[in-house]
Amino acid sequence: MTPSPTCFLWSASSFVSFTKPPNRMIDIKYLRENPDAVRTALAKKKFSCDLDTVLAFDTERRTKITEAEQAKSEQNSANKAMAQLPKGSPEFLEKVKEMKAVAARVKALEAEVRTVEERFQAAFLTIPNLPHTSVPEGKTEDDNQVFSTWGDLETKPAHAVPHWDIPWFDQLIDFERGVKAAGAGFPFYVGDMARLVRALIHLFLESARKNGYEEVLPPIVVNAASATATGQLPDKEGQMYYDPNEGLYLIPTAEVPVTNFYRDEILPAEALPICRCAYTPCFRREAGSWGSHVRGLNRLHQFDKVELVKWTDAESSFDELEKLRVDVEGILQALDLPYRVLLMCGGDIGFPHAKQYDLEVYAHGQGRWLEVSSCSNFTDFQARRAGIRYRGPDGKPVTAHTLNGSGLAIPRVLAAILENNLQADGTVRVPQVLQAFMGQETIGFTK
RNA sequence: GGAGAGAUGGCAGAGUGGUCGAAUGCGGCGGUCUUGAAAACCGUUAGGCCGAAAGGUCUCGAGGGUUCGAAUCCCUCUCUCUCCGCCA
């Protein structure tokens, strides 16, 4: 077997280290040394948090740690001396009496350190990742920049309708029977539609493979530790399906298991960047976000998606983000779907993101842009939490950078295909790239 | 579901109250030797935190307890493995 050139092979046991990293978010040392730079960056994110308090807690904590460690040091050397004394001798007993007080003091100081540490952590964890300098100013989604637009937006099909109004839609994507089997938001894809979904999955995975991403087929449930590492827990617990019997969560995206592949490991620098792709079903409870405006394929509780994940060193992650975006764009181009790329503004990118692009396809029937991918660089924010590091030039561990992007989410791509490729005879033209795989040029029924 | 065993460094595997962050072996790295390599031999080889550094401190699955002192004793939890049953 010959390894592909893009795939760095090694045995899992040859380098890993499973020690626990601190559960921190941004780099406290950076904050300490550059408080003003952090303040400026956070302002761009329209995020208010009290940096002065965090810094004060940090100082308090460090002072207390030093104090406690000094006491501990005294105790340790005294204990070492005691080991030399004959047990039960008068000197020994005298020493024991003496050391009781020291032990009590150590215990008290350790408790204080714990208190101060917790206070600091609680404040520190409220600081989001810092946006990159290239991220535009802005408060809401209205301030996102249109980075680029591709494809034909002018020639709207004369008879274009929202996909749910296509006469045969309910037969090939059966929501009603999905309700019977599972519940709202869990449709059956039937016949040619099921095959079309499979064709899309195949296209997405093959496209990723050609771009150097190694395919993995991950678990679609994860434990709490994994969900915490990628940031779903504790804040977004309500968005995941949960099995309390096993303590397992159904994944909302393949990002969760795939990123956790290297959790608490130190990677060899020469392995980076590592690029992986994974197809999985994704599950989202979307509690409270269900409205009449969400119809058809626009929002589901279960959907299929191919996810792209990268681990990089600290220097190249923003370059890799651009490559990631281009890789995803290539798929939409292959499908000949018009799309635009949004460069998300500081106020609209998520808590752990340093920079984010959203890709939206245009669905002519609804006359709307539909988000089909979000490509993000988390820099070291997620990796610090997940304990993913690599060995730097000096041999010391360095926190890695992680990135991910959908490539792509199936239902909305499918919606755009149905709406944009609807033909006069009532059938939908299968995108050229999928015709060979499907063995047919159209799906659906003629009028 | 029933019964049992175990969790120590990259891996294997010692260690049952103090001199143990931890023997030994393997692997990795550096060196000697060699035309080159192998072998042999010598050295080296965890991570977190505090610190400018020197250094200090913590970590032997996780959490709590006993003790002047815990990898070692006690309690709780988690996970893994083996056998039986069941199932794909």
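Every chain is numbered from 1 and lettered A, B, ... according to where its sequence line falls, protein lines coming before strand lines.
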Item to check | Between P of B:G17 and CZ of A:Phe92, the distance in whole Å | outcome: 15 Å
Checklist entry - Is A:Glu441 atom CD crowded by more than 12 heavy atoms from other residues, nucleotides or ligands, each under 6.0 Å away? => result no
Item to check | Distance-only donor-acceptor check, side chains A:Asp319 and A:Ser316, under 3.5 Å | outcome: no
Checklist entry - On a whole-Å scale, what distance lies between the P atoms belonging to B:C60 and B:G65? => result 15 Å
Item to check | B:G47 phosphate, OP1 or OP2, under 4.0 Å from A:Arg391 side-chain N/O | outcome: yes
Checklist entry - Taking atom C1' of B:U78 as reference, at what distance in whole Å does atom CG of A:Leu248 sit? => result 13 Å
Next on the checklist: Taking 4.0 Å as the cut-off, does a side-chain nitrogen or oxygen of A:Lys95 come that near to OP1 or OP2 on B:C68?
Outcome noted: no
Next on the checklist: Please report the distance separating the C1' of B:A40 from the corresponding atom of B:U34, rounded so that it comes out in whole Å.
Outcome noted: 12 Å
Item to check | Interatomic distance, A:Gln75 atom CD to A:Leu109 atom CG [nearest 0.5 angstrom] | outcome: 10.5 Å
Checklist entry - A:Lys100 NZ to B:U67 P: how many Å, rounded? => result 7 Å
Checklist entry - Which of these nucleotides, B:C49, B:G69, B:G18, is closest to any side-chain atom of A:Ala103? => result B:G69
Checklist entry - Step by step, would you call A:Tyr242 with A:Arg285 a side chain to side chain donor-acceptor pair (under 3.5 Å)? => result CA-CA 10 Å; A:Tyr242 177 61; A:Arg285 294 184 63 219; over 6 Å; no
Next on the checklist: Under 4.0 Å, counting only non-hydrogen atoms across every strand here, what does A:Lys107 touch: a base, just sugar-phosphate, or nothing?
Outcome noted: sugar-phosphate
Checklist entry - What's the CD-C1' distance between A:Glu117 and B:U59, to the nearest Å? => result 15 Å
Next on the checklist: Testing the 3.5 Å rule here: is there a donor-acceptor pair between the side chains of A:Thr230 and A:Gln382?
Outcome noted: no
Next on the checklist: Nearest whole Å is fine: how far is B:G18 C1' from A:Met99 CE?
Outcome noted: 12 Å
Checklist entry - For A:Arg389 and B:G47, is the shortest distance between a side-chain N/O and OP1 or OP2 below 4.0 Å? => result no
Item to check | A:Met82, nearest nucleotide to its side chain (from B:G47, B:C50, B:G18) | outcome: B:G18
Next on the checklist: When the P atoms of B:A3 and B:G69 are compared, how many Å lie between them, rounded to an integer?
Outcome noted: 39 Å
Next on the checklist: Could you check whether atom CD of A:Glu176 has more than 12 heavy atoms from other residues, nucleotides or ligands sitting under 6.0 Å from it?
Outcome noted: no
Item to check | Rounded distance in Å - CD1 (A:Ile266) to C1' (B:G9) | outcome: 12 Å
Next on the checklist: Distance check, P atoms only: B:A39 and B:C26, in whole angstrom units.
Outcome noted: 11 Å
Checklist entry - Tell me: OH of A:Tyr390 to C1' of B:G47, nearest whole Å? => result 17 Å
Checklist entry - Phosphate oxygens OP1/OP2 of B:C50: is one of them under 4.0 Å from a side-chain N or O of A:Arg32? => result yes
Checklist outcome for this item: Here the residues of residues 66-80 of chain A within 4.0 Å heavy-atom distance, strictly under, of RNA chain B are A:Thr66, A:Glu69, A:Lys72, A:Ser73, A:Gln75, A:Asn76, A:Asn79
Item to check | Which residue lies more 5' along RNA chain B, comparing A:Pro397 with A:Val96 via nearest heavy atoms | outcome: A:Pro397
Item to check | Distance (rounded to the nearest 0.5 Å) between A:Arg389 CZ and A:Thr399 OG1 | outcome: 7.0 Å
Next on the checklist: Pick the closest RNA chain B nucleotide for A:Glu110 and for A:Lys29 by heavy atoms, then say which residue is nearer the 5' end.
Outcome noted: A:Lys29
Checklist entry - Tell me: NZ of A:Lys97 to P of B:U67, nearest whole Å? => result 17 Å
Next on the checklist: I'd like the C1' distance from B:U82 over to B:U32, given in whole Å.
Outcome noted: 48 Å
Next on the checklist: Please evaluate residues A:Asp304 and A:Tyr279 with respect to the criterion side chain to side chain donor-acceptor pair (under 3.5 Å), reporting the C-alpha separation (whole Å), side-chain torsions for both, the decisive distance (0.1 Å), and the verdict.
Outcome noted: CA-CA 7 Å; A:Asp304 296 292; A:Tyr279 155 74; 2.5 Å; yes
Next on the checklist: For B:C50 and A:Arg61 - does any side-chain N or O of the residue sit under 4.0 Å from the phosphate oxygens OP1/OP2?
Outcome noted: yes
Checklist outcome for this item: Base-paired stretches in RNA chain B with three or more consecutive Watson-Crick or G-U pairs, both distances under 3.5 Å, amount to B:1-7 with B:78-84, B:10-12 with B:24-26, B:27-32 with B:40-45, B:46-50 with B:55-59, B:61-65 with B:73-77
Next on the checklist: Roughly how many Å apart are B:C81 and B:G61, using the C1' atom of each and rounding to a whole number?
Outcome noted: 14 Å
Atom pairs and distances, donor-acceptor, side-chain atoms in residues 177-189 of chain A, under 3.5 Å, two or more places apart:
unit_1	atom_1	unit_2	atom_2	d
A:Arg177	NH1	A:Asp174	OD2	2.8

Next on the checklist: Measuring only the C1' atom in each nucleotide, how far is B:G25 from B:U8? A whole number of Å is fine.
Outcome noted: 16 Å
Next on the checklist: Please evaluate residues A:Thr280 and A:Lys305 with respect to the criterion side chain to side chain donor-acceptor pair (under 3.5 Å), reporting the C-alpha separation (whole Å), side-chain torsions for both, the decisive distance (0.1 Å), and the verdict.
Outcome noted: CA-CA 6 Å; A:Thr280 66; A:Lys305 181 161 66 67; 5.9 Å; no
Next on the checklist: Using the P atom as the point on both nucleotides, what is the distance between B:U16 and B:G85, in whole Å?
Outcome noted: 38 Å
Item to check | Over 12 foreign heavy atoms within 6.0 Å of CD, A:Glu141 | outcome: no
